[in-house]
Amino acid sequence: MASMLVSSSEQYSGKSSLCLGLGVLLKERGYKVGYMKPIGNLLIDVNGSLADEDAQGIRKLLGLQDDMSSITPILLTENLTDDALMGVEKGLDSRLKEAYEKVSKGRDVVLLEGAGGIGGGAMYNLSDPEVATKLDTKILLITRYDSAQAVDRILCDLRIIQNTEILAGMILNEVSPDKLEQVSHLVVPFLEKKGIKVFGVIPEDHMLRSVSVAEIVEDLNAEVLVGASHMEDLVEHYLVGAMEVGSAIKYFRRMPNAAVITGGDRSDIQMAAIEAKVKCLVLTGNLRPSGAVLGSAEEANIPVILVRGDTMSTIEKMENLIGHARIKQEVKIKRIVELIKEYVDVDGLITEMGLGK
């Protein structure tokens, strides 16, 4: 049975998206695919039980029937951390291997997702390299290329891995258009001279970092004033409406698929945003807009939501939300698969896993 552990230098680098996209592609090729996130670090309540949010979503999207206790056998709770710090033996290795046996039963390939950065879980002797060694699998490293400092992170990851034989290779993700040439002509050759196989360079795609209006409403604990039928519309950026109205429309039109955050008393900015056909209006300070604004927004099919917090705190929440969105929408899954097909050597990865073509 083949397997691969997807690891990364940092959180929000695209591990879940890569596992999901590869899982879909492998299923399309006729392989029986399993998935596992050995250590759950993004805990949510599911019907009264703790589960990892990423693992729960991928289980559903790949149509898997395995119990969550097998897909994510170890949950990073405060009690587990305290026990590790006190040296309490929890039998985590046995739990890990038993779950892996269950998930791999009847499968051609199992995709494993690391928790956070590559060293996450080290206090439990379950960092990604340790998990890979215990389960006799290789590591596929995915790194978000935000600057040349990403190369430093990759080289540091190599030192954490130590046994470079377990490193299958890597993928550079979310490369901005202005850095693609540098990455292709300088970074990739540099890494390959270091013995690191680069399976792909995936360009930045704002749609994948977008959030639905519904997610914004939930995260901001907002009230929907109009536009309830457009909660699944995707927002890729946010803009702050704090300028003179004369320049607002041009500013809003330069950034498509954006939400505009502005005070509930700025009817001039609100009307400019509606005229520019923004995706959503986020009004702060718990100040309700005029009936004219609401009527215009409803006619233009633009949701208007109201939050209690001030503009600055709302900006901070939006900054954290956009770019850290979970993959839930079908359009995002389709786009992930398209990007992997176009920019990743899938055949090479399949061969590296030992599946053959």
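This is a predicted model, so every value here is computed, not measured.
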Main-chain N/O of K179 paired to Q182 side chain as donor or acceptor, under 3.5 Å: no

Value rounded to 0.5 Å, distance of CG in L172 from CG in D146: 11.0 Å

Over all atoms of both residues, closest heavy-atom pair of P38 and P73: O-CD, 3.3 Å

Spell out, yes or no, whether L140 and V346 are grouped together once hydrophobic residues are joined by side-chain heavy atoms under 4.5 Å, including indirect joins. yes

Over all atoms of both residues, closest heavy-atom pair of C19 and E113: SG-CB, 3.9 Å

Determine whether I350 and Y31 make a side-chain contact, defined as any pair of heavy atoms from C-beta on separated by less than 4.5 Å. yes

Charged N-O contact under 4.0 Å between D108 and R29: no

R266 with D268: basic N within carboxylate O range, under 4.0 Å: yes

Treating K279 as the side-chain partner and P256 as the backbone partner, does any N or O pair qualify as donor plus acceptor under 3.5 Å? no

For a quick test of reading the model, state the closest non-hydrogen atom pair linking R153 to E10 and the distance between them. NE-OE1, 2.8 Å

Would you check if the side chain of T72 reaches a backbone N or O of K37 as a donor-acceptor pair within less than 3.5 Å? yes

Can you give me the closest heavy-atom contact between L111 and G23, atom names plus distance? CD1-N, 3.6 Å

I39 reachable from M123 in the ILVMFWY side-chain graph, under 4.5 Å edges: yes

Is the shortest heavy-atom distance from the side chain of E236 to the side chain of R209 under 4.5 Å? no

When hydrophobic residues are tied together by side-chain contacts of less than 4.5 Å, even through go-betweens, does L155 share a cluster with V183? yes

Transitively linked via ILVMFWY side-chain contacts under 4.5 Å: Y124 with L85? yes

Looking only at heavy atoms, the pair that brings T284 and G309 closest together is CB-O, 3.4 Å

In Å, rounded to the nearest 0.5 Å, how long is the span from OG of S8 to CG of N173? 10.0 Å

Student check: side-chain heavy atoms of M4 and L22 closer than 4.5 Å: no

Approximate separation, where rounding is to 0.5 Å, of N41 CG and E53 CD: 10.5 Å

Is there a side-chain contact between L80 and L92 in this structure, where contact means two heavy atoms from C-beta onward sitting under 4.5 Å apart? yes

Verdict with reasoning, D67 to S69, per side chain to side chain donor-acceptor pair (under 3.5 Å): CA-CA 5 Å; D67 291 339; S69 60; 4.5 Å; no

Please confirm whether the backbone N or O of E101 pairs with a side-chain atom of S104, one donor and one acceptor, at under 3.5 Å? yes

Only one of P303, S212, C280 forms a side-chain contact (heavy atoms from CB on, under 4.5 Å) with H230, so which one is it? P303

Through direct or indirect side-chain contacts below 4.5 angstrom among Ile, Leu, Val, Met, Phe, Trp and Tyr, which residues connect to L43? L50, L75

Hey, is the main chain of L62 close enough, under 3.5 Å, to the side chain of K27 for a donor-acceptor pair? yes

Using side-chain contact (heavy atoms from CB on, under 4.5 Å), reason through R335 and V331 one step at a time and then give a plain yes or no. CA-CA 6 Å; R335 183 60 182 147; V331 65; 5.8 Å; no

Evaluation steps, side-chain contact (heavy atoms from CB on, under 4.5 Å), between T133 and N163: CA-CA 9 Å; T133 299; N163 176 16; 5.5 Å; no

Could you tell me whether K102 atom NZ has more than 12 heavy atoms of other residues or ligands within 6.0 Å of it? no

Single-linkage hydrophobic cluster I274~I249, side-chain heavy atoms < 4.5 angstrom: no

Whether the T77 and N79 side chains hold a donor-acceptor pair (N or O, under 3.5 Å, no angle test) is what I'd like checked. no

Compute whether any side-chain donor of one residue and acceptor of the other, for S313 and D310, lie under 3.5 angstrom apart. yes

Return yes if a side-chain donor-acceptor contact under 3.5 Å exists between S16 and D54, otherwise no. yes

Heavy-atom count around D82 CG within 6.0 Å, excluding the residue itself: above 12? yes

Is there a side-chain contact between K194 and I154 (heavy atoms, below 4.5 Å)? no

Using a cut-off of 6.0 Å, state whether more than 12 heavy atoms not belonging to Q149 lie near its atom CD. no

Could you tell me the separation between the CE atom of M1 and the NZ atom of K105, rounded to the nearest 0.5 Å? 13.5 Å

Does atom CZ (R253) have a neighbourhood of more than 12 heavy atoms from anything else shown, all under 6.0 Å? yes

What pairs meet the ring-ring contact (aromatic ring centres under 6.0 Å, His included) rule with one or both residues in residues 177-227, with sequence neighbours excluded? H206-H237

Are E204 and Y145 linked by a side-chain donor-acceptor pair shorter than 3.5 Å? no

Nearest 0.5 angstrom please: E338 CD to I333 CD1, how far? 12.0 Å

Would the distance check show the side chain of Q270 and the main-chain N or O of G264 forming a donor-acceptor pair, the cut-off being under 3.5 Å? yes

Would you check if P129 and I166 make a side-chain contact, meaning some heavy-atom pair closer than 4.5 Å? yes

Side chains of P289 and L225: closer than 4.5 Å at any heavy-atom pair? yes

Determine yes or no for a side-chain-to-main-chain donor-acceptor pair under 3.5 angstrom, with R144 supplying the side chain and G14 the backbone. no

T143 and M170: CA distance, side-chain angles, deciding distance, side-chain contact (heavy atoms from CB on, under 4.5 Å) verdict: CA-CA 8 Å; T143 295; M170 71 169 308; 3.7 Å; yes

Check: K332 side chain, S210 main-chain N or O, donor-acceptor pair, under 3.5 Å: yes

Could you tell me which non-hydrogen atom of I340 sits nearest to which non-hydrogen atom of S17, and how far apart they are? CD1-O, 4.4 Å

Value for CG (L126) from CG (L96), rounded to nearest 0.5 Å, stands at 6.0 Å

K317 and D219, any side-chain heavy atoms less than 4.5 Å apart: yes

Assess whether side-chain contact (heavy atoms from CB on, under 4.5 Å) is satisfied between L112 and Y100, documenting all intermediate values. CA-CA 10 Å; L112 300 105; Y100 182 64; 4.2 Å; yes

